[in-house]
Each structure stands twice: as structure tokens, then as C-alpha cells.
Amino acid sequence: MASIVNREQRVHFLDYAKFIGIYLMVLGHLELPQDIKNSIYAFHMPLFFAISGYLFSFKKDMSVIDFIIKRGKQLIIPYLIFNVITYIFWLFVGRKFGLDSTQDIKLYKPIIGIFYGNGNNKFLIHDAVLWFLPCLFMVETLYFIFFRNKTKIVSVLLLCCFLAVGFLDYKFIKINLPWGVDTAFTAIVFYGLANLFKPGIDRLLRSPKLTLGILTIFLLLVFIYLSTLNGRVDMLALAYNNYPLFIFNALLGVILCLLVSYLISEGLGKLFVIEYIAKNTIIILAFHAFGFTIIKAVTYYMLKYPMSIYETNLYFNIFVAAITILILVPVMILWNRYFPAIIGLKTKAK
């Protein structure tokens, strides 16, 4: 699985959507004005669940076991490998510098966290964002089991049931379940709606460009207002504030991003750099914290910039997010060259 979502046929406007999503994820892990961070967190993870659902299709001859094995190889194997690499880095480097050096984390806690598959409570302190991979695995497994051979009406009713379970879990239980199952109850809604209503999404995107442009501006204004209204949300922490508002605004954000991505792709066409980054979103997900470490070391020790610049300068952090992705390109090249099977790329016949 070279990208967080991976299917045989590329849909090029989705490459732009994945590019936007992964850039905003990186940017969102830096210091930002609260309103901007609120807007990013309102939709960037629902976006990746939705893209996964949009690209998913049932295969009639595939059993549940075959599906679990296939997606386990594409999601869980990379999850374990990335965890080993980032844990070793944290063990010898990361925990000795920055914020991690001030926290009393037992060395075995992240190891427990790797198998627990939940990034809350510092269990994945070495690379908390990896929570997404087992959670996506659970979403896809639940969807395959419960939604296969169901009519659209029954599927929508099932999504409503999952939505109710997600709300009850958020409101009353608030127990961090293994492999992000608790988050999956909500995430499957974005996945399922994108899968079920893919034809409707395609019809919307075939509307006149002027109509799409006006709709985009309108949705942007509504999305910004609702993001400010609902405040900071976090799917990992089950922090939704107003749960119905979170769901509605996240869907607005997803549709908005798809509209923007489609309009950009229509204007610029297929771009190699966008497609390449989109194919390697999983590398950026796993290793962008390494990029932060390298950039901070260079800016502090070599360029003599104060660390406070990361807390006060929005434009600097926008630049840092872009450079972080750029310096991971060699990692992408090496990984694609020597370990393609691990991230779901097909090896070329010699």
C-alpha cells in the first residue's frame, strides 16, 4: 500500500485530494492559529476514510478471510514495520529531546501500544499518527462483513446504526478500544457514504464549472463558520464536541475538498509530482515527524533560528510542512525501489 488508500485504477482528481489531505495533516501537526487548526481537524481524517470508501468495491468471489488477509498485508504489515522503525528512533533519539524528554514514559509502554493499536494516552508516543492504519483496517473489515450483498436502503440503515453506536460510545462510554474500533464506529460513516453515493458524487462533478465554482465558495464559507462554531475536534481522542455538527461539517469539508481537487485537476491535468506524492501518502504519514526533527535541527543548530519561530510564524510553518514532504522524497524513492511489496506496490518483473 503505497498510499493510505490504494486501488488498481487511479482517479486523478483524487490524487489532488490526497495531496491536499496529506499536506494539511502535516501542517496540522505544527503550531497554527486555532481557527486554522480547527478547520483542518474538522475534515482531514474523514477525508481519507471517504476516499478509501469511494475507491472500494466488493469482489463477489472474495471471502471474508481472503479480504482480511489481503488488507492485513496492505495495512497491518506496514503498520508494524513503521512502528518498529519509529520506536527504535524514539528509543535512542526522540525521547531525549524536545517535549518527549520531559515525559516519564516507560520504555515498554509504546511496545504495548503497538499491539493495542490505539494512539491515545501516549501509547504510540513514538509515532501517534499510525493509529490510522489499524483503524482503517477495522473500518474496511466491518464494512466488508456487514454491507456485502446489501441493498442501498439497508446499507444506509446500517450506517445509521453505526452512527448511533459511535455517538453512544463518544457520549457515555469513552473507552479507548484496541485498533481504534471506537473511532471506526464513526469513521465507517464517511467510508460508507462515499462508497454508496459514489455515482452521486460523480454526477455532481459533471455539473457546469461555474456551478461547481459557486458551490465551492458557498461550502467554504459554511465550512469555516461551522468549524469555528464546533471548535477543535480529534477523531483519535473521540473529541467531537457537538457530534451531529461534527459529522455534518466533516461531510461538508470532504465534499469541498473533492470539488476543489476536481476543479484543480481539470485546470492543471495530470501532474507527476501530485500523483507521486498521492501514491506515497503512507510514507508521509509514517515519517513526517522525522522530517520535523531534521528541519528543527537545521534551523536551530545551523541557522540559529529560535525554536519559538515554530510557535509564532504561520507562514514559516506553511513552508516547513512543504519542506517536510520534500525531504521525504528520497525515503519514498528508496522504499519504492527496495521494499515495494511492503507498501502494496507491485514489483516489476525483471
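These figures come from a predicted structure and were not determined experimentally.
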Pairing residues for Lys171 by the salt bridge (Lys or Arg N to Asp or Glu O under 4.0 Å) criterion, not counting sequence neighbours: none
side-chain hydrogen bond (donor to acceptor under 3.5 Å, both in side chains) against Tyr310, all qualifying residues, sequence neighbours excluded: Thr299
Under 3.5 Å donor-acceptor, Lys122 side chain and Pro110 backbone: no
Ring centres under 6.0 angstrom apart (His44, Phe48): no
Backbone of Met332 reached by a side-chain donor or acceptor of Asn336 within 3.5 Å: yes
Donor-acceptor pair, side chain of Asn38 and main chain of Arg232, under 3.5 angstrom: yes
Result of checking Asn195, Val154, Leu193 against Leu159 for side chain to side chain contact (heavy atoms under 4.5 Å, CB included): Leu193
Cluster overlap Leu252 with Leu221, hydrophobic side-chain contacts below 4.5 Å: no
Phe19 and Tyr16 aromatic centres sub-6.0 Å: no
Side chain to side chain contact (heavy atoms under 4.5 Å, CB included) between Leu91 and Ile88, intermediate numbers included: CA-CA 5 Å; Leu91 182 64; Ile88 292 173; 5.5 Å; no
Full working for side chain to side chain contact (heavy atoms under 4.5 Å, CB included) between Asn120 and Leu238: CA-CA 10 Å; Asn120 284 297; Leu238 302 182; 5.7 Å; no
Hydrophobic cluster partners of Ile69 (side-chain heavy atoms under 4.5 Å): Ile65
N/O donor-acceptor pair under 3.5 Å between Asn280 side chain and Ile283 backbone: no
Residue list, side-chain contact (heavy atoms from CB on, under 4.5 Å) with Ile323, at least two apart or on another chain: Ile295, Phe319, Leu326, Ile327
Ring centre gap for Phe162 and Phe146 strictly below 6.0 Å: yes
Donor-acceptor pair, side chain of His29 and main chain of Val26, under 3.5 angstrom: no
Residues which pass side-chain contact (heavy atoms from CB on, under 4.5 Å) with Asn230, listed by chain and number, not counting sequence neighbours: Val233, Asn241, Asn242, Leu245, Phe246
Non-neighbouring partners of Ser39 that pass side-chain contact (heavy atoms from CB on, under 4.5 Å), sequence neighbours left out: Phe223, Ser227
Side chain to side chain contact (heavy atoms under 4.5 Å, CB included) assessment of Thr86 paired with Leu130: CA-CA 10 Å; Thr86 53; Leu130 290 176; 4.2 Å; yes
Qualifying residues under side-chain contact (heavy atoms from CB on, under 4.5 Å), relative to Leu263, sequence neighbours excluded: Lys209, Leu212, Thr216
Donor-acceptor pair, side chain of Lys18 and main chain of Thr281, under 3.5 angstrom: no
Leu163 vs Thr186 side-chain heavy atoms within contact, under 4.5 Å: no
Of all pairs that satisfy salt bridge (charged side-chain N to carboxylate O under 4.0 Å, His left out), the ones with a partner from residues 141-167, not counting sequence neighbours: none
Cluster companions of Ile153 among Ile, Leu, Val, Met, Phe, Trp, Tyr (side-chain spacing under 4.5 Å): Leu157
Aromatic ring pairing Phe167/Phe172, orientation class (parallel under 30°, perpendicular over 60°, tilted between): perpendicular
ILVMFWY cluster, Phe290 and Tyr338 together (side-chain gap under 4.5 Å): yes
Common cluster, Ile214/Leu256, ILVMFWY with side-chain heavy-atom separation under 4.5 Å: no
Sequence neighbours excluded - salt bridge (charged side-chain N to carboxylate O under 4.0 Å, His left out) pairs with any residue from residues 309-333: none
ILVMFWY cluster, Leu205 and Ile217 together (side-chain gap under 4.5 Å): no
Whether Asn83 side chain and Ile114 backbone form a donor-acceptor pair below 3.5 Å: no
Hydrophobic cluster of Tyr108, others only, ordered by chain and residue number, side-chain cut-off 4.5 Å: Ile112, Tyr116, Phe123
Expected list for residues 178-185: side-chain donor-acceptor pairs under 3.5 angstrom, two or more places apart:
residue	atom	partner	partner atom	Å
Trp179	NE1	Phe115	O	3.0
Asp182	OD2	Leu177	N	3.2
Thr183	OG1	Met235	O	3.1

Leu210 reachable from Leu258 in the ILVMFWY side-chain graph, under 4.5 Å edges: no
Aromatic ring proximity, centroids under 6.0 angstrom, Phe49 and Tyr54: no
Sole candidate of Phe147, Phe67, Tyr143 that passes ring-ring contact (aromatic ring centres under 6.0 Å, His included) when paired with Phe58: Tyr143
